[in-house]
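Take a look at the structure below.
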Amino acid sequence: MSCCGGQILTDVPDGSDRVAGDRVRDEELKASATLLPDGRYMYIFTIVDMHCGSCISMIEKHLSKLKGVSDVRVNLTLKRLTFSLDSSVKTPSSIVDELVKIGYPPSVYINDSGETSDITKQKRLLIDLAVAGFAMANIMLLSVSVWSGAEGATRQLFHLISGLIAVPAVLFSGQSFFSSAYKALRAGYLNMDVPISLAVILTLGMSVFESLHGVGDAYFEASVMLLFFLLIGRYLDLRMKEKAKNVISNLGDLSPRGIEIKGKRGKPVYMPADELKPGMVMLIKPGDRIPVDGVIIKGHTELDRSLVTGESMPVAASVNAHIDSGILNLSAPIEVEVLRGLNDSFLSGLISIIEECNAAGSRYISLADRMVKLYAPSVHILALVAFVGWAFFTGGDYHTSMNIAISVLIITCPCALGLAVPMVQVAAASRLFQNGIVLKNGPALEKLSEIDHVVFDKTGTLTTGTPQANSDIFTNRLAASLAHSLARISSHPASKAVAALLKDQTSRKIEEIEEIPGKGVRGLYRGSEIRLGRCDWVSELTGQSLAENHCVGDLYFGRKGHKAFRFEIIETLRPGAKQVIDGLKKLNISVEIVSGDTYERVQDIAKKLGINTFSALMSPQDKLDILKTHNRANKKVLMIGDGLNDAPSLSMCHVSMAPGSASDVSRLAADFVFLRDSLKAVIDNLEIARNSQKLMKQNFALAFVYNCIAIPIAFAGLVTPLLAAIAMSVSSILVVANSLRLHRMNRSGKVSPAYFEKLERVSS
Amino acid sequence: MNILIYLIPVALFLGGLGLVAFLWCQKSGQYDDLDGAAVRILEDDTDA
């Protein structure tokens with residue numbers, strides 16, 4: 001589906017894992033929309049699958065044609081769709097259906113990550129950059145003539161004009177550095193911004209002093225240039241973080257934030273999830289997700305617990321069964337009495353475990369921070385020593401000493417260090433983004449390069465969560481089309497797999513078609529009964545006794561008086577799974593599966609992938625315990641998982657990844673999110689992380705060597721602040737250029753991308 | 001060299017125009033969707 005010649009699908013696809021099974025509610029979509037003064041509602045959806053111009057025009061054209069829809073606008077950078085809707089003419093959920101039909105399934109945009117304030121920060125930085133750039137260019141013009149020998153009145157004039165430009169520009173554009181430095185000093189420690197602010201202010205001050213007194217040199221261009229280059233680094237860094245946060249907050253589920261309850265006189269009333277109280281009776285239809293913990297009081301159905309426990313096969317449940325929040329109702333409507341409110345339910349319990357883990361994990365100090373702790377004080381001490389030393393040496397010539405001290409301060413280049421890490425991170429983040437991987441925080445990249453053990457979840461991570469069916473029923477065309485007609489009406493994953501397998505069959509007319517939870521689907525074809533379902537139920541009909549050990553999980557189709565056909569239901573591995581395991585083994589990284597599913601299924605997948613260590617039937621707490629054991633053994637663990645049951649472990653381990661199809665909570669908890677289907681992302685990620693680490697160390701080495709050469713020269717008094725600024729800019733450029741090498745680095749390397757590509761094409 | 005008294009303010013003014021233009025573009029949201037703007041040009045049907 002999607003992009004660049006996107007298909008118009010005639011059937012609503014049940015493929016998109018995010019939307020599978022969850023019903024979309026108009027009330028909730030409306031709740032997230034903004035009311036416009038003329039009574040229309042403005043909606044913001046995110047559409048992750050947009051990549052190019054035809055996507056934009058297709059979406060905009062298609063939606064604008066619909067009645068009641070206006071002001072359709074797509075933002076390709078943020079992957080957002082904005083439109084206004086007259087809700088008396090069309091419902092928001094019909095727009096969602098339209099979008100799914102043309103191949104662009106939307107998600108709801110949730111603005112709870114404080115995004116507006118970050119965009120303002122970005123805009124402000126851009127303005128700072130523009131002002132600094134303007135000032136720098138003009139001052140440079142003037143300083144060229146000054147430095148090439150203007151004298152007397154001209155020189156004076158130019159200095160004054162430069163000063164008039166520089167002082168307001170620096171005071172305006174430098175605010176982000178000054179305020180950060182001030183905050184750090186007030187809190188009693190030094191950060192990168194302190195030497196930078198000092199250098200800028202001192203240079204400016206000196207230059208003003210000299211201009212006013214008519215002697216010596218002025219260095220306005222030095223201070224403005226310094227500011228300009230640093231602002232570039234800062235802006236790029238912020239943009240990278242923005243992009244990542246954006247993508248994450250864009251993937252909000254369409255899952256319910258409320259549900260219908262039995263109101264007065266039995267009428268269904270919509271109630272938001274946070275207002276549900278124990279004792280209320282929720283009416284859960286097929287396709288609804290349970291928002292809070294409850295117990296079934298009426299009805300009999302099958303539940304999909306994969307997001308909560310990782311179990312891949314649905315489980316039958318009826319009266320008195322307890323259901324945790326997050327479980328999906330599959331086959332029949334049930335009435336569920338609320339046991340616990342939203343804040344006490346399973347889901348919220350998970351969230352508090354995650355927050356605990358996050359707090360514990362933030363003790364990791366990245367390489368850059370360690371550098372800064374050493375660097376900032378030493379720079380200041382050096383400058384001070386230079387000042388005092390020279391003052392002593394020249395017998396009280398404060399002017400020269402000040403110059404030399406400033407040169408030392410500038411030349412030690414807060415620049416290279418300030419840029420060394422952000423530049424590599426920006427290059428890495430953009431490279432990762434091209435591969436469909438989102439990096440959420442800088443230190444994650446470093447942590448990833450250190451891992452020696454990987455823990456995989458099974459359902460939804462190693463497997464796609466959508467099972468596949470295999471069968472020999474094609475020998476009998478009639479049976480195949482009858483089975484297809486039955487399979488189509490059920491939302492049970494096994495039936496969906498059968499329906500997908502048989503999708504090219506013609507439908508037949510079936511009477512009295514009904515789904516019986518726990519058993520299967522039955523109907524009447526030309527008066528005789530047909531059944532698709534569990535082997536014991538089908539064998540009742542056909543009179544055969546089917547082999548007992550095949551009964552678990554497989555579906556059978558039978559017609560009265562005819563032989564039954566078997567559908568083998570197997571879990572599909574995610575593309576790239578085997579290659580990733582092999583790749584990891586080549587890199588000497590140990591691999592393990594930890595899953596909430598049954599022993600046989602986990603063993604099956606483990607054998608297919610060649611993994612020796614695996615555990616089954618793990619609850620979220622069990623998973624956490626395994627990670628704690630690894631932590632104690634000082635192993636650095638990468639955890640890859642998608643379900644709610646993985647979320648605490650994702651925060652606890654050294655570093656974590658989640659697929660884009662994961663639950664909200666897991667996506668928020670993970671350090672990386674990979675958007676494409678293939679697991680190849682894991683190896684790509686690892687390679688890029690290791691290369692980035694190498695580059696960062698190289699950058700630090702470069703900066704260090706440069707400093708070792710430059711500082712003695714500055715100390716000896718051979719460098720004017722202007723020369724220092726130029727030298728500093730050159731070193732910054734060197735650092736940036738080195739970081740950009742990241743884009744070339746992945747071509748070579750032990751596991752070649754071309755190899756994967758070929759394998760994927762062959763195996764898919 | 002007295003011509004400089006005129007020329008420098010002129011240069012600064014022109015530069016300032018450029019800066020103001022940039023800031024205006026920023027405020028009116030033209031930089032919000034750079035990728036989208038880049039590909040919209042290539043679309044045929046919105047030619048007016």
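With a 4.5 angstrom heavy-atom cutoff, L12(B) touches chain A via backbone and side-chain atoms both. Of the atoms belonging to L126(A), heavy atoms from both backbone and side chain fall under 4.5 Å from chain B. Contact annotation for I127(A): both backbone and side-chain heavy atoms come within less than 4.5 Å of a heavy atom of chain B.
Checking each of V200(A), V170(A), V167(A) against V224(A) for a side-chain contact (heavy atoms from CB on, under 4.5 Å) leaves exactly one that passes, namely V170(A). Checked against I44(A) for a side-chain contact (heavy atoms from CB on, under 4.5 Å), the options T82(A), N75(A), L81(A) give a single hit: T82(A).
The two residues A132(A) and L231(A) make their nearest non-hydrogen contact at CB-CD1, 4.0 Å. Across every non-hydrogen atom of F220(A) and H159(A), the tightest pair is CE1-O, 3.5 Å.
Ionic pairing of R40(A) and D71(A) is present here: one or more N-O contacts between side-chain nitrogen and carboxylate oxygen are shorter than 4.0 angstrom.
Between the Q30(B) side chain and the Q26(B) main chain, no donor and acceptor come within less than 3.5 Å of each other. E60(A) contributes a side-chain N or O that, together with a main-chain N or O of V74(A), makes up a donor-acceptor pair within less than 3.5 Å.
Looking at residues two or more places apart in sequence or on another chain, you find a salt bridge (charged side-chain N to carboxylate O under 4.0 Å, His left out) between R124(A) and D128(A).
Interface remark: of the candidates A11(B), G36(B), A37(B), G36(B) forms the most heavy-atom pairs closer than 4.5 Å to chain A. Note: D33(B) leads L42(B), L34(B), I8(B), D33(B) in heavy-atom pairs under 4.5 Å with chain A.
Residues of residues 134-143 of chain A having a heavy atom under 4.5 Å from any heavy atom of chain B, listed by number: F134(A), N138(A), L142(A).
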